[in-house]
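First comes the structure, then the notes that go with it.
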Amino acid sequence: MWGAAAEPADSYYQIRPECTDVPNTRFKIKPGKTLSVRKWQAAFTQEGVLDIGKTLGRIQRGGIHPSIRGEVWEFLLGCYDPKSTFDEREQIRQRRRLQYASWMQECKQMFPVIGSGGFITAPVITEKGQPILDPLVLQETNLGEDSDFFKELESRGPLDQKVIQWMLTLHQIGLDVNRTDRTLVFYEKKENLSKLWDILALYAWIDNDVGYCQGMSDLCSPMIMLLEDEADAFWCFERLMRRLRGNFRSTGRSVGVEAQLTHLSTITQIIDPKLHHHLENLGGGDYLFAIRMIMVQFRREFSFCDSLYLWEMMWGLEYDPEMYSLYEEPEFEGERTEGSSKGKPKSIKQCGKYERENMKNGGKSSAEGPLPIAVFLVASVLKDKSSKLMTEARGLDDVVKILNDITGNLDAKKACAGAMKLHKKYLKKV
């Protein structure tokens with residue numbers, strides 16, 4: 001009936017003893033504010049239908065108890081319809097696990113290290129699809145020069161370009177996996193690193209448009225800690241990418257996140273014109289100094305634990321009960337866009353506070369539709385540091401340094417409250 005966390009409730013927070021230079025954790029379970037196991041289970045009917053409106057206030061005020069975080073995230077990210085029953089969700093879960101296993105087998109046939117418990121950090125083929133018999137490659141893959149894989153690769157003839165591009169990303173994923181959350185005890189186990197690599201490699205194969213980009217490992221890492229089954233973790237990550245993949249899309253001339261930075265520029269110009277003018281004079285009018293905050297959703301600005309707290313508050317504020325239906329539409333293949341879903345008008349009681357504000361505004365905070373709360377979070381951080389930026393920043397290096405100094409010193413709840421205030425102010429002025 002109820003999902004299970006991958007590890008005991010607090011084990012994924014544990015920092016390796018030798019890692020001392022990490023941000024302090026501010027998140028604390030607050031009785032009466034944090035969504036508890038009892039309150040979560042009480043929000044379901046006997047058949048398993050969830051009244052998610054009863055839980056959103058708690059999530060927005062105090063986050064989620066670690067022991068139920070994984071299963072709550074599955075709802076917040078649109079993996080399941082709150083109106084579904086326990087039995088219906090179990091059927092969906094089993095179907096998705098089979099789909100994951102099928103994709104995994106497809107990838108394993110192309111490259112046998114997938115699903116083997118290992119991963120690679122060196123390229124295995126050239127850009128023309130020829131095998132690279134580098135000693136490091138042979139050591140990492142446990143495949144000798146005489147292995148069937150390399151023989152088959154040489155005899156297979158020209159590889160499909162999609163296969164070549166995918167295989168060229170595998171070592172880059174491995175390099176990023178090796179750098180992701182390595183201060184945590186969880187990643188002392190190679191099997192956990194391998195699981196992260198498998199999920200990202202598979203995602204790169206099925207997402208023809210975006211593939212893999214740096215930063216995705218930071219977004220995926222919490223999923224494999226919170227959800228015991230690898231397939232469940234994959235689908236949670238896949239749903240998160242529905243929200244964020246537009247940021248990673250590249251046209252050759254620009255990257256999708258630049259659109260969010262343009263919105264950030266507009267917001268700052270309206271909310272704090274003096275700061276915007278100062279940043280422009282420093283050559284920072286494109287706001288590229290804020291790219292990391294948006295791309296990996298503040299993972300580097302907060303401790304691991306606090307970043308999870310921030311994410312779930314953001315998702316609770318943004319929650320849209322139509323999300324699941326929208327993602328499940330047969331023709332839907334891209335990221336979430338407003339106004340694409342069908343059916344009855346959604347209940348405002350089942351929506352997050354930020355989503356309600358957008359609904360009151362006719363569903364728009366820009367020409368393209370509602371902006372993600374993350375953009376207002378960055379704007380809130382900039383406004384909070386406005387005085388320091390105005391008096392101390394004499395160049396872009398100073399801007400970056402001032403923003404880097406906030407690492408570990410931000411309060412997730414205050415940041416969300418600041419974002420909500422700016423959002424209201426922005427909607428009034430626009």
Side-chain angles (χ1 to χ4, degrees), residues 209-210 213-216 218-219 240-301 310 314 317-318 320 334-340 354-355 357-358 361-386 389-390 393 395-400 402-404 406 415-416 418-430:
D209 194 18
V210 174
C213 300
Q214 199 166 25
M216 289 183 183
D218 291 296
L219 299 173
L240 176 58
M241 286 306 299
R242 297 287 187 111
R243 290 168 173 256
L244 303 177
R245 67 195 292 273
N247 290 342
F248 293 93
R249 184 183 285 115
S250 174
T251 62
R253 291 193 303 269
S254 64
V255 182
V257 71
E258 290 176 20
Q260 306 291 5
L261 296 176
T262 300
H263 291 311
L264 176 60
S265 170
T266 303
I267 293 166
T268 308
Q269 193 170 6
I270 291 170
I271 301 299
D272 194 339
K274 287 183 180 178
L275 175 61
H276 175 76
H277 183 65
H278 181 60
L279 292 171
E280 274 198 321
N281 287 341
L282 297 179
D286 52 13
Y287 284 70
L288 285 173
F289 55 81
I291 195 168
R292 187 181 75 183
M293 294 187 205
I294 293 178
M295 290 290 275
V296 296
Q297 302 285 283
F298 291 88
R299 273 299 317 273
R300 311 284 173 82
E301 282 68 37
L310 176 72
M314 287 165 60
L317 288 164
E318 288 182 314
D320 178 353
E335 61 273 8
R336 180 184 172 199
T337 52
E338 212 62 28
S340 300
Y354 183 82
E355 177 67 11
E357 291 295 329
N358 282 326
N361 194 49
K364 291 190 175 183
S365 50
S366 77
E368 295 83 21
L371 296 174
I373 195 172
V375 178
F376 289 95
L377 266 166
V378 180
S380 173
V381 169
L382 292 178
K383 184 156 183 61
D384 190 49
K385 295 295 175 186
S386 179
L389 287 165
M390 292 286 289
L396 281 181
D397 287 347
D398 294 331
V399 173
V400 172
I402 290 167
L403 293 180
N404 281 343
I406 68 175
C416 281
M420 288 296 294
K421 282 182 183 175
L422 284 191
H423 180 238
K424 272 191 175 182
K425 191 174 179 182
Y426 174 76
L427 291 180
K428 282 180 183 176
K429 292 202 173 187
V430 169

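In what follows, every heavy atom counts, from backbone to side chain, and hydrogens, waters and symmetry copies are set aside.
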Over all heavy atoms of both residues, which pair between L317 and M420 is shortest? Give the atoms and the distance, please.
CD2-SD, 4.2 Å

Of all heavy-atom pairs linking A379 and L264, the shortest is N-CD1, 3.6 Å

Working to the nearest 0.5 Å, report the span between CG of L244 and CD1 of I294.
10.5 Å

Please check if the number of heavy atoms outside D398 that lie under 6.0 Å from its CG is greater than 12.
yes

The reported gap from CG in D209 to CZ in R249 (rounded to nearest 0.5 angstrom) is 4.5 Å

As a quick check of understanding, evaluate side chain to side chain contact (heavy atoms under 4.5 Å, CB included) for K421 and K424, giving each step before the final call.
CA-CA 5 Å; K421 282 182 183 175; K424 272 191 175 182; 5.9 Å; no

Taking all atoms of both residues into account, what is the closest heavy-atom pair of L282 and G395, and its distance?
CD2-N, 3.7 Å

Could you please spell out the steps behind the side chain to side chain contact (heavy atoms under 4.5 Å, CB included) verdict for E280 and Q269?
CA-CA 10 Å; E280 274 198 321; Q269 193 170 6; 5.9 Å; no

Of the non-hydrogen atoms in L377 and C416, which two are nearest, and what is the gap between them?
CD2-N, 3.8 Å

On a heavy-atom basis, which atom in D286 and which in L261 lie closest, and how many Å separate them?
O-CB, 3.7 Å

Residues passing the side-chain hydrogen bond (donor to acceptor under 3.5 Å, both in side chains) test with S386, sequence neighbours excluded, are D272

List the steps, then state whether side chain to side chain contact (heavy atoms under 4.5 Å, CB included) holds for F289 with L382.
CA-CA 11 Å; F289 55 81; L382 292 178; 3.9 Å; yes

So how far is it from I267 CD1 to H423 NE2, rounded to the nearest 0.5 Å?
8.5 Å

Closest non-hydrogen contact found for H278 with L389 is NE2-O, 3.1 Å

Verify whether the ring centers belonging to Y287 and H276 lie closer than 6.0 Å.
yes

